[in-house]
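Only one structure is covered here, and it is reproduced in the block below.
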Amino acid sequence: MQIRREIRVTGIVQGVGFRPYVFRLATERGLAGHISNTPAGVTIEIQGPQDFVEEFTSRLPMEAPPLARIMGLAIQELPNNGDTEFRIVSSHMGEPVRALISPDVATCDECLGELFDPSDRRYLYPFINCTNCGPRFTIVRDIPYDRPRTSMAVFAMCEECRAEYEDPRDRRFHAEPIACWNCGPQLELWDFQGRKMECADPVAEAVLRLHKGEVVAVKGLGGFHLAVDATNSNAVELLRERKRRAQKPFAVMVPDIRTAEIFCDVGALAKEALTSRQCPIVLVPKKFGIAIAGSVAPGQHDLGLFLPYTPVHHLLFAGGKFQGLVMTSGNLSEEPIAIDNREAATRLSGIAGSYLVHNREILLRSDDSVVKPVAGRLRQFRRSRGYVPAPLELHKEVASILAVGGELKNTICLTRGRNAFLSQHIGDLENVESFGFFLEAVEHLQRILEIQPGTIAHDLHPGYLSTKWALSQTAARLVGVQHHHAHIASCMAENGLEGAVIGFAMDGTGYGTDGAVWGGEVLVATYANFERAGHLEYVPLPGGAAAIREPSRMAVSYLAHTFGKEFLGLGIPFTNKLAIGKAETLVRMMERRINSPLTSSCGRLFDGIAAVIGLRETVEYEAQAAMELESAALAAPQDSEAYPFSLVRDGRCWQIGVRPLFEAIVHDLVKGTSGETISLRFHNGLVEIFARVADRIREESSLHRVCLSGGTFQNSYLLSCLVRRLEADGFEVFTQSAVPAGDGGLSLGQALIASSERGK
Ligand SMILES: [Zn+2]
Ligand SMILES: [Zn+2]
């Protein structure tokens with residue numbers, strides 16, 4: 001019996017080779033009908049013998065192409081008609097847009113094979129791609145996703161490319177960025193003043209220059225990288241000096257997984273991530289005595305590695321000249337990554353000696369993603385290229401909401417139905433350039449996702465640019481969300497939790513409901529509400545922001561808090577070295593409460609300890625002291641001793657006191673205990689006290705689910721030990737992995753809180 005049915009497919013099914021896949025599936029069995037892209041996804045009508053149509057329907061989701069993500073299938077029976085063959089028909093417009101755009105994808109193996117095949121017509125072509133790989137999100141201007149609405153629109157396809165593009169049997173059928181030597185984008189090499197250089201082979205010339213130790217700006221998928229030979233310490237120093245970035249670790253692109261394994265201990269999870277089509281930077285423990293210059297990641301236990309993910313990267317490594325290339329965002333510290341050729345030549349002037357550019361426009365910047373395997377799972381530290389704009393699936397329907405995130409490591413989040421779209425990493429919203437990128441991202445994501453949010457969620461901090469922007473949006477309903485509540489809600493949302501949980505939100509800075517600087521918070525939280533159930537005790541932050549840049553100020557604050565003014569006579573190296581005048585000024589500031597807000601920050605506690613043990617007095621980048629303190633703990637000989645904290649009840653709240661901690665640290669310092677061991681005992685102490693607090697709150701509330709979030713939980717030693725400990729104590733523990741535990745994950749939590757009862 002002949003039957004005909006309509007199948008509507010939603011999800012990521014455009015630009016991923018889905019139509020040719022369906023075409024093959026249908027023609028294999030001689031079925032008739034058609035498929036077309038719709039704004040919602042694709043619609044298939046299929047007709048033929050009932051057995052074959054049933055088989056088609058069940059195979060459809062099972063054998064879908066690698067980049068496709070089917071999120072819904074709606075089936076409807078139709079009357080037969082006179083169709084005798086299967087056709088791919090052109091897109092029709094008009095329905096509300098629901099189709100999802102694929103993230104950018106690393107060059108696939110088949111394209112790589114062709115890239116280095118002298119007989120292939122795309123031999124060494126730097127922009128080779130197909131329906132299984134290549135740029136997507138970063139070249140999309142609008143939807144539905146097809147060539148006229150991408151930055152490939154300006155390149156007219158040559159006859160050969162067009163034939164492949166139109167042939168459903170070809171791997172490049174409707175590969176929107178399809179291109180070749182004859183018709184596609186081309187590379188150029190520019191000199192340090194941004195003038196085009198005459199050279200037959202821009203890649204070969206760039207390789208030569210990199211090999212000589214030059215800084216070369218390389219236009220990639222989501223923006224410019226600044227590249228230098230990672231084994232050449234002079235070149236790395238030169239880049240640091242010019243980029244005004246003395247210490248922050250650089251990521252290193254290595255030619256292949258084998259080289260990654262020479263430099264670092266690459267476990268199974270890390271290997272999977274390194275070779276995935278998202279191709280993120282993966283933080284892995286570095287080995288001793290490797291060829292990578294020590295100045296690439298000074299003071300760090302880990303090295304950030306990634307593999308080539310565009311044809312240009314593969315070509316740079318093809319001659320075998322490099323074991324590793326530093327590839328860092330093309331910007332001055334903390335500005336957004338440059339994407340436009342002219343913009344790059346201006347903004348990177350004085351940094352880059354030359355520019356390897358091309359004429360395919362990047363429409364939206366997207367930094368490299370950063371992940372790390374911790375406690376058996378890959379954790380997102382920076383979720384960006386390769387992952388965005390694929391949605392996170394929520395456990396429930398939510399309204400259309402825009403959440404604008406915090407200040408540092410900003411991301412925004414848009415929700416619709418059961419999808420949450422987290423933006424790419426926008427960065428620190430402290431300067432005009434980043435704020436411009438923020439506005440671009442808000443506008444672009446709303447457009448390509450066709451979401452008009454009725455509600456905007458924002459942080460409570462009145463000074464954040466994201467908050468100020470939200471408050472200026474008069475048409476929307478506004479919901480202010482406390483920073484640490486958002487962290488816990490983000491963790492709950494990622495894990496699909498409802499009801500109340502015990503939440504540990506540990507980080508550097510967040511605006512508290514009492515006006516203090518929070519950051520060591522234990523909450524009892526639902527999406528709608530939270531209660532502060534415990535926190536690290538308040539100490540002054542002498543000089544406000546200056547105390548964040550100078551951990552030595554925090555050390556003075558904690559020591560004065562613990563020992564009073566006598567701390568200057570403790571006789572430990574930190575106080576012996578301390579300029580008496582400066583110390584006395586700080587103490588006076590704190591006593592008189594001049595520019596010394598109170599803080600319960602866990603990040604500042606790490607800072608203070610790093611300074612007291614002589615590890616670091618000033619920092620160059622966020623969380624530097626904390627990361628180095630973790631690295632120190634990992635370098636320590638095994639030791640199960642845990643420093644004590646006090647725990648006292650203050651009204652409805654548990655106060656975690658740090659005096660016993662600093663007494664123990666000073667005691668160890670006087671004995672000559674190493675900084676590594678002290679760091680380890682501090683980490684162990686945190687695990688103990690957090691477990692104790694969780695236990696007390698369980699007794700009072702009978703809650704047994706614990707959520708861990710906030711940037712402090714990017715500390716792998718702390719996270720692994722605490723999870724193990726809480727689970728051993730009978731808690732159900734939830735952490736973040738697909739969404740960053742740091743401030744990059746805040747916007748998701750804000751959105752879920754705004755969609756809750758309180759938000760209405
Ligand atoms: Zn490919
Ligand atoms: Zn062509």
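In listed order, ligands and their atoms are each counted from 1. Since the structure is predicted, the reported quantities are computational estimates derived from the model, not experimental observations. Count residues from 1 along the sequence.
Looking at Asp83 and His34, their side chains never bring a donor and an acceptor atom within 3.5 Å of each other.
Rounded to 10°, the angle that SG of Cys108 and SG of Cys130 form at the Zn ion (ligand 1) is 100°. Here the Zn ion (ligand 1) is the vertex; the SG atom in Cys111 and the SG atom in Cys133 give an angle of 100° (to 10°).
Between the side chain of Arg147 and the main chain of His174, no donor-acceptor pair closer than 3.5 Å is present. Judged purely by atom type and a 3.5 angstrom limit, Arg342 uses its side chain to pair as donor or acceptor with the backbone of Gly194.
With ring centers used as reference points, Tyr123 lies 6.0 Å or more from Tyr125. Annotation: His313 is in aromatic contact with Tyr309 [ring centroid separation under 6.0 Å].
Of all non-hydrogen atoms in Phe192 and Ala352, the two that sit nearest each other are CB-O, 3.8 Å.
Distances from the Zn ion (ligand 2) under 2.8 Å pick out these protein N/O/S atoms: Cys158 SG, Cys161 SG, Cys180 SG, Cys183 SG.
Heavy-atom contacts from other residues, nucleotides or ligands closer than 6.0 Å to CD of Glu159 number 12 or fewer.
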